[in-house]
Protein chains: 2
Amino acid sequence: MISSIAELISDRIGMMPAGERRAAQTLIANYPLIGLKTVAEFSAVAGVSSPTILRFVARLGFQNYPEFQSALQDELAAQLQSPASRTLNPPALGGGAVSPMLEATLDNMRETFRHLSDKQLADIVAKLADRRGKTFLIGGRFTDPLARYMAAHLAIVQPNVFHLAGQESVWRDRLIDMGKRDVLVIFDIRRYQDSLIRFAETAHQRGVQIVLFTDQWLSPIARFARHVIAGRTAVPSAWDSSAALFVVAETLIGAVTRQLEADGAKRIRELESLR
Amino acid sequence: MISSIAELISDRIGMMPAGERRAAQTLIANYPLIGLKTVAEFSAVAGVSSPTILRFVARLGFQNYPEFQSALQDELAAQLQSPASRTLNPPALGGGAVSPMLEATLDNMRETFRHLSDKQLADIVAKLADRRGKTFLIGGRFTDPLARYMAAHLAIVQPNVFHLAGQESVWRDRLIDMGKRDVLVIFDIRRYQDSLIRFAETAHQRGVQIVLFTDQWLSPIARFARHVIAGRTAVPSAWDSSAALFVVAETLIGAVTRQLEADGAKRIRELESLR
DNA sequence: TAAAATACGTAACATACGATACAGCGCTCC
DNA sequence: GGAGCGCTGTATCGTATGTTACGTATTTTA
């Protein structure tokens with residue numbers, strides 16, 4: 001049962017030639033407003049010619065472009081009439097195996113943030129934005145990409161940000177550079193890695209402040225951590241989800257950036273000019 | 001301060017002659033869709049003549065009818081972009097400053113999945129789970145961690161999964177290994193990287209099927225992509241958010257794993273015993 | 001009540017829009 | 001490697017659309 005044009009498109013997008021597929025993707029990405037504009041504008045945004053747009057709507061089963069636009073408008077009208085429908089029926093799209101995954105992830109995030117206090121976040125932000133020390137980031141097998149992601153951003157807004165990669169022996173040696181003023185951000189969820197635990201313990205002994213991203217079961221590293229962020233990871237999948245931790249990381253990245261801007265960090269202003 | 005056309009109308013409706021007032025009332029009653037239709041339709045519904053409609057929009061301060069329609073569309077676009085502002089949980093949980101960041105992120109995810117069909121995801125999953133070809137993953141400056149994350153998982157459930165890291169010249173050379181049966185998963189959001197675009201184009205020419213993770217503005221790579229996943233990235237932060245794409249990635253990881261299990265892949269059973 | 005001013009609709013006009021024919025190109029399949 | 005097919009863009013065409021001029025109706029004011 002096809003009830004919306006968006007569904008109709010995704011149903012047939014596989015059978016479309018390249019140009020029309022671009023049109024379809026553009027429409028989906030700017031749904032539905034781009035479809036209400038003129039063929040010329042639509043084609044310009046999609047990067048194809050006008051006839052391709054017309055062939056695209058023809059393939060969807062419409063006799064002509066105005067008819068297609070009317071259909072879009074009718075759909076919009078129905079949507080606007082019942083604002084609830086947007087939030088309630090996850091427009092039938094989520095029917096299959098997708099929706100439970102998304103729902104669980106959204107729940108995880110809400111739960112994760114519910115257990116996070118503003119105070120806690122503020123403390124971490126203050127520490128991360130404190131430019132007197134260095135910041136090191138590291139993660140486990142599956143979470144190291146999160147460390148990389150965070151490092152990639154933080155390294156831009158401030159100096160002395162280092163992602164610890166590669167062999168265990170390599171980052172063990174970096175311990176020499178770490179001291180009391182420094183922060184070590186560790187991502188560690190089940191199954192917790194011994195190497196990370198040992199590393200955290202040694203760093204802790206050197207007085208390094210540890211910010212730990214872990215799951216609700218808490219990695220043993222929590223014992224050494226100054227700040228612990230416990231994210232929900234349960235989803236209907238064979239794997240645990242790091243999405244909640246990812247969002248916390250992004251939140252921190254944004255907050256640290258804002259903080260540094262507020263501090264009037266010269267670096268931020270210089271960055272602007274470099275762009 | 002007049003912020004919407006509806007307000008503008010109610011502000012001036014008192015000063016309008018009868019005919020134009022009918023037009024105004026009709027527009028308010030069918031706001032805003034009737035204004036997106038043609039002058040003739042609008043006038044017919046309002047029960048006035050075309051020129052009256054045009055005089056009406058002129059009185060609102062618009063130079064011509066298309067300009068008026070554009071303004072309505074822009075307004076609609078703003079409304080549709082942030083469903084949170086109107087429809088979603090107002091204060092919901094009393095959680096103080098529960099981070100507008102989180103709210104925006106949750107919205108982004110819902111919106112992203114709303115534009116994703118099961119069919120589309122199923123197609124991608126089928127391709128990724130097709131063990132006859134190789135899978136390559138690569139990302140941009142900020143999104144490469146997502147590629148790593150996905151690669152870390154996929155590489156466990158199936159062979160021939162490669163994350164392309166390091167210098168551009170390094171992965172360019174890997175093009176030799178790529179052919180029609182292979183899949184290239186690319187993460188590319190603003191600002192789109194030339195190196196990635198060139199790489200994608202070459203891979204496309206070699207017949208490699210490209211799965212693109214991008215933002216709602218669509219990387220130019222969409223032109224070469226077999227499948228495009230457009231994730232919402234807007235958040236109240238100095239940075240764009242990749243969280244929605246992250247969740248899509250996790251969803252795909254889970255689905256591919258399930259698919260391979262269903263296929264009875266020996267590898268999966270062997271994995272179990274290794275743990 | 002008459003005259004003037006304003007408002008409104010009819011009809012003709014010009015433009016810009018959607019539609020179509022056609023040619024070039026790449027791809028697939030012998 | 002060649003022939004055929006399908007896809008795409010360019011250029012052209014017809015028309016629906018917004019626009020405007022003008023005449024009639026309606027209201028307002030003296």
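Protein chains get the first letters and strands the later ones, always in sequence-line order, with residue 1 at the start of each.
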Integer-rounded Å distance: [N] [atom2] and [X] [atom1]:
X      : N      : atom1 : atom2 : value
A:I53  : D:dG9  : CD1   : C1'   : 13 Å
B:F62  : D:dT19 : CZ    : P     : 13 Å
B:F56  : D:dT19 : CZ    : P     : 14 Å
B:F68  : D:dT19 : CZ    : P     : 11 Å
A:M16  : D:dC7  : CE    : C1'   : 14 Å
B:Q69  : D:dT17 : CD    : C1'   : 10 Å
A:R55  : D:dC7  : CZ    : C1'   : 7 Å
B:F224 : C:dC27 : CZ    : P     : 13 Å

Salt bridge [X]-[Y], side-chain N to carboxylate O under 4.0 Å:
X      : Y      : result
B:D240 : B:R190 : yes
A:D144 : A:R148 : yes
B:E261 : B:R258 : no

Centroid separation B:Y149 to A:F142 less than 6.0 Å: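 No, they do not, as the ring centres are separated by 6.0 Å or more.
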
Do B:F136 and B:W171 have ring centres separated by under 6.0 Å?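 So the answer is no for these two rings.
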
For B:P51, answer base if it contacts any base atom (sugar-phosphate contacts may also be present), sugar-phosphate if it contacts only those atoms, and nothing otherwise; contact means non-hydrogen atoms under 4.0 Å.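 B:P51: base contact, heavy atoms under 4.0 Å.
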
If you check the [X] side chain, which of [options] turns out closest?
X     : options                : result
A:P17 : D:dT8, C:dG18, C:dG9   : D:dT8
B:L54 : C:dT10, C:dA19, D:dT20 : D:dT20
A:S49 : D:dG9, D:dT19, D:dT8   : D:dG9

For the helix from C:dT1-D:dA30 to C:dC30-D:dG1, what is the angle between the axes at its two ends, each from 5 pairs, rounded to 10°?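 Here the local axes at opposite ends form an angle of 30°.
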
Using the six-membered ring wherever Trp is involved, compare the ring planes of A:F246 and B:F246 and label them parallel, tilted or perpendicular (cut-offs 30° and 60°).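 Correct class here is parallel.
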
Is atom CD of B:Q63 surrounded by more than 12 heavy atoms (other residues, nucleotides or ligands) closer than 6.0 Å?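 Open.
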
Report the residue (A:T38 or B:V48) whose heavy-atom-nearest nucleotide on DNA chain C is the more 5′ of the two.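 That would be B:V48.
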
Determine: side-chain N/O of B:T52 to OP1/OP2 of C:dG9, distance under 4.0 Å, yes or no.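 So the side-chain polar atoms of B:T52 do come within 4.0 Å of the phosphate oxygens OP1 or OP2 of C:dG9, strictly under.
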
